[in-house]
4 protein chains.
Amino acid sequence: MPRAVREQQMMDAAVQTFGQRGYRAASMDEIAELAGVSKPLVYLYLNSKEDLFTACIRREAQALIAAVRDAAEPDLAADRQLWAGLLAFFTHTAEHPDAWAVLHRQARTHGEPFAAEVVVMRDEIVAFVSLLIGAAARETHRADELAERDVMALAQALVGAAESLAGWANETPGVSAKEAAGTLMNFAWQGLGTLMAGERWSPAGKV
Amino acid sequence: MPRAVREQQMMDAAVQTFGQRGYRAASMDEIAELAGVSKPLVYLYLNSKEDLFTACIRREAQALIAAVRDAAEPDLAADRQLWAGLLAFFTHTAEHPDAWAVLHRQARTHGEPFAAEVVVMRDEIVAFVSLLIGAAARETHRADELAERDVMALAQALVGAAESLAGWANETPGVSAKEAAGTLMNFAWQGLGTLMAGERWSPAGKV
Amino acid sequence: MPRAVREQQMMDAAVQTFGQRGYRAASMDEIAELAGVSKPLVYLYLNSKEDLFTACIRREAQALIAAVRDAAEPDLAADRQLWAGLLAFFTHTAEHPDAWAVLHRQARTHGEPFAAEVVVMRDEIVAFVSLLIGAAARETHRADELAERDVMALAQALVGAAESLAGWANETPGVSAKEAAGTLMNFAWQGLGTLMAGERWSPAGKV
Amino acid sequence: MPRAVREQQMMDAAVQTFGQRGYRAASMDEIAELAGVSKPLVYLYLNSKEDLFTACIRREAQALIAAVRDAAEPDLAADRQLWAGLLAFFTHTAEHPDAWAVLHRQARTHGEPFAAEVVVMRDEIVAFVSLLIGAAARETHRADELAERDVMALAQALVGAAESLAGWANETPGVSAKEAAGTLMNFAWQGLGTLMAGERWSPAGKV
DNA sequence: CATGAATGAGCTTTCATTCAT
DNA sequence: AATGAATGAAAGCTCATTCAT
């Protein structure tokens, strides 16, 4: 069996094991057995547990980014792009729960070398969302109302909400990707709208 | 030294170690040394690593819940209660980063027994937020517009966004709890408002 | 059983195993079993295989140096001191063949960290021998005939010959320490005598 | 490429690797890569690591013996033959440090099967030196003074001193083979001379 | 003639856990 | 009430060695 194929099999097994057991609790023995190969072969092809984990993170991050990127066609309006991206995001995470666990939970929990990999991916997504927010602001001619930092914070909150909903949708039976995306659009986009319309909430009272 | 005090010292050391190293990487040796006691004493008082971790999760969950609960005085308006709760949440997580790491990262990353503990806490918070959303809906006389499930999903998204912002605020220098809470209120409460005002976003076009 | 005693037992087992199997071929399992303890205890007390090996080298080097030092009483004439030292050297190495193997073979064969330890010991011995050669030169009033470098080279050769003879004496049944020491004295001291008497061998013919 | 050539290339790589890393630390992978062939080919030609090591020892032992043998022309006087042999010995070991490391350090450090190979070579050299000593004794007509066993012990000491000096000369910059050989001749041959002249050192006093 | 693919066995090291005192 | 002493079990990693082609 050619090396490239075996490598993918190993990474499939690794993603599954890391996602379910966690990085430390996952043993190379288990991964090798699940992949149907011997442990030395895993080391021969992927060097070390750390390298294997990093390779998994990278592969799954690429896949998730690609899913979101491919869904949002640049010709659409900003809100339609966001909708398509969210739908793709919820669909992809629902279809690859172990990969999502690796990216969202494991990679961020086990130290800099791994967390940094995910930060890159997350920053790409946040940047993409920021772009859409900016585009939406321009579309409604109120760009001046939103400072750079506000856009960042909003994007952070939106992505965070999406990540949280992804977990909830995966664990709650009967919640579809469409429903999750719809909830988030209703929750966020509308708020964004009024926000750009100039209304602000403050502890002293609405402005 | 009385037992109760010793136990708290051990749990302090455990929270710190678990939060920084992670559940698996934290060793009982390190925890015992940090607590200034011998290892057998830790076992005598807290039985096992699992039990110790569970005890930490429970203690810190209680503390976080209490902080949020105590902040939101029931006499205030729903939006003021949410604001106070969010502020307390961001303040508490910023002041106890290791405890927050234990709850948000470690507990959810290392298997059912622990994740379940956090789910209890999270559900309490989500229920609390749902309550406020419901109250707000009643205050604006549009309760019928929001189905039970929508409320749940919104609460999930709000809590998820808060969790995400908590991490972002802790890691980004110069972002205060007040600022984080303000961003979230602007982002969410407004959206909630228009939502309750009957406007919906849908892929087919705004309604 | 107190720690200090156990540590010596472990080092005894380690010296034996390292001496017979070699550093790499000796397994911590075997050492632990020979010492009558579990492997973790060996690590608890002696940290690592490298540290254990280093500790063995140091202990045995000290013991050998002490044996030679204690034998050569400073009041004696230089030749008697050398005789006593050689006798002690051959006796000690014959009585502790594994220790001698560790020092002479293993330590020098497995890289700088270990070889350096032995170099220290060897340099001490070489210095001691150089001292005696110098003393002998003064006793015969021909100190000016022997340059510093010649003394060093002679000491090197003498120590080398002694090391070689130690191996030979250990492996050849019926060769006593006394005999080995006698051979070396005859071989070397006499040559030293004539050398200091001014005679030299050169490829061009005797001078 | 003919088999014989490939085999020599492999053994060159093996000698270098064994000499620098040691028998156990040297991996067949590294040897194969250094030789520029695949691992199975090494096994096809040389059977096993043990066999490969043995082959290296044998080849290098032959080479060293040959160098010494060829240098000492049988027509010369005994002292000139010894001089020539020593010079060749120091020159050869200086020019092939890895080979010398294999013979002097590695082979003797890793168990009987290999040490025995070197013993054969060493015995050949010792026998050769013994021969010269005997010849010298006959030349000076004092053969009766030197018992067979004394000759052996002297040869052992001489060879040991030479081995020790070889290491010293290789590691000390600026010490040439000629110088090392000269030192040894001065040190040993002279002693031999007086010895054969009937003088002995004994603990009871000179005879 | 030569190799890419694959593994059984063994190594060092760590850790949660328990006695005996 | 508290600990020094000790271990069973398992993990990451490496290596000599062999097939099928």
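For clarity, every value in this text was computed on a predicted model and none was experimentally measured. In what follows, chains carry the letters A, B, and so on, assigned in the order in which the sequence lines appear, proteins first and then strands, with residues in each chain numbered from 1.
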Just distance, no hydrogens or angles: give the donor-acceptor pairs under 3.5 Å from side chains in residues 10-19 of chain C, sequence neighbours left out.
unit_1	atom_1	unit_2	atom_2	d
C:D12	OD1	C:R59	NH1	3.2
C:D12	OD1	C:R59	NH2	2.8
C:T17	OG1	C:A13	O	2.8

Contacts of type side chain to side chain donor-acceptor pair (under 3.5 Å), residue A:Q9, not counting sequence neighbours: A:R6

Looking only at heavy atoms, the pair that brings D:M121 and D:L64 closest together is SD-CD2, 4.1 Å

Here the distance between atom P of F:dG12 and atom CG of A:L44, to the nearest Å, is 18 Å

Within residues 2-22 of chain B, which residues have any heavy atom lying less than 4.0 Å from an atom of DNA chain E? none

Checking B:F114 now: which residues fulfil ring-ring contact (aromatic ring centres under 6.0 Å, His included) with it, not counting sequence neighbours? B:Y23, B:F53

Identify, between D:G36 and A:G36, the residue whose nearest nucleotide on DNA chain E lies closer to the 5' end. D:G36

Atom-pair distance (CG on D:L46; P on F:dA16), nearest Å: 14 Å

Could I get the full list of side chain to side chain donor-acceptor pair (under 3.5 Å) partners for A:E163, not counting sequence neighbours? A:R122

Protein heavy-atom contacts under 4.0 Å, written 5' to 3' over nucleotides 11-17 of chain E as B (base), S (sugar-phosphate only) or - (none), form the string SBBBBSB

Shortest non-hydrogen contact from B:A107 toward B:V118: CB-CG2, 3.2 Å

Tell me the bend of the helix from E:dA2-F:dT21 to E:dT21-F:dA2 as the angle between end helix axes, each from five pairs, rounded to the nearest 10 degrees. 30°

For the pair made of CE in C:M1 and C1' in E:dC19, what is the distance, rounded to whole Å? 16 Å

Sequence neighbours excluded, which residues qualify as side chain to side chain contact (heavy atoms under 4.5 Å, CB included) partners of C:A115? C:E112

Please identify each residue that fulfils side chain to side chain donor-acceptor pair (under 3.5 Å) with D:H104, with sequence neighbours left out. D:R108

Length of the CD1-P vector between D:I31 and F:dC15, whole Å: 11 Å

Does any pair with a residue in residues 41-58 of chain C pass salt bridge (Lys or Arg N to Asp or Glu O under 4.0 Å), and if so which ones, sequence neighbours excluded? C:R58-C:E117

Figure out the CG/P separation between B:L41 and F:dA2, and round it to whole Å. 6 Å

Can you check the D:D51 CG to F:dA16 P distance for me, whole Å? 14 Å

List, one per line, each side-chain donor-acceptor pair under 3.5 Å for residues 33-42 of chain D, sequence neighbours excluded.
unit_1	atom_1	unit_2	atom_2	d
D:K39	NZ	D:D29	OD1	3.3
D:K39	NZ	D:D29	OD2	3.2

List in chain and number order the residues that pass side chain to side chain donor-acceptor pair (under 3.5 Å) with C:E7, two or more places apart in sequence or in another chain; answer none if no residue qualifies. C:R3

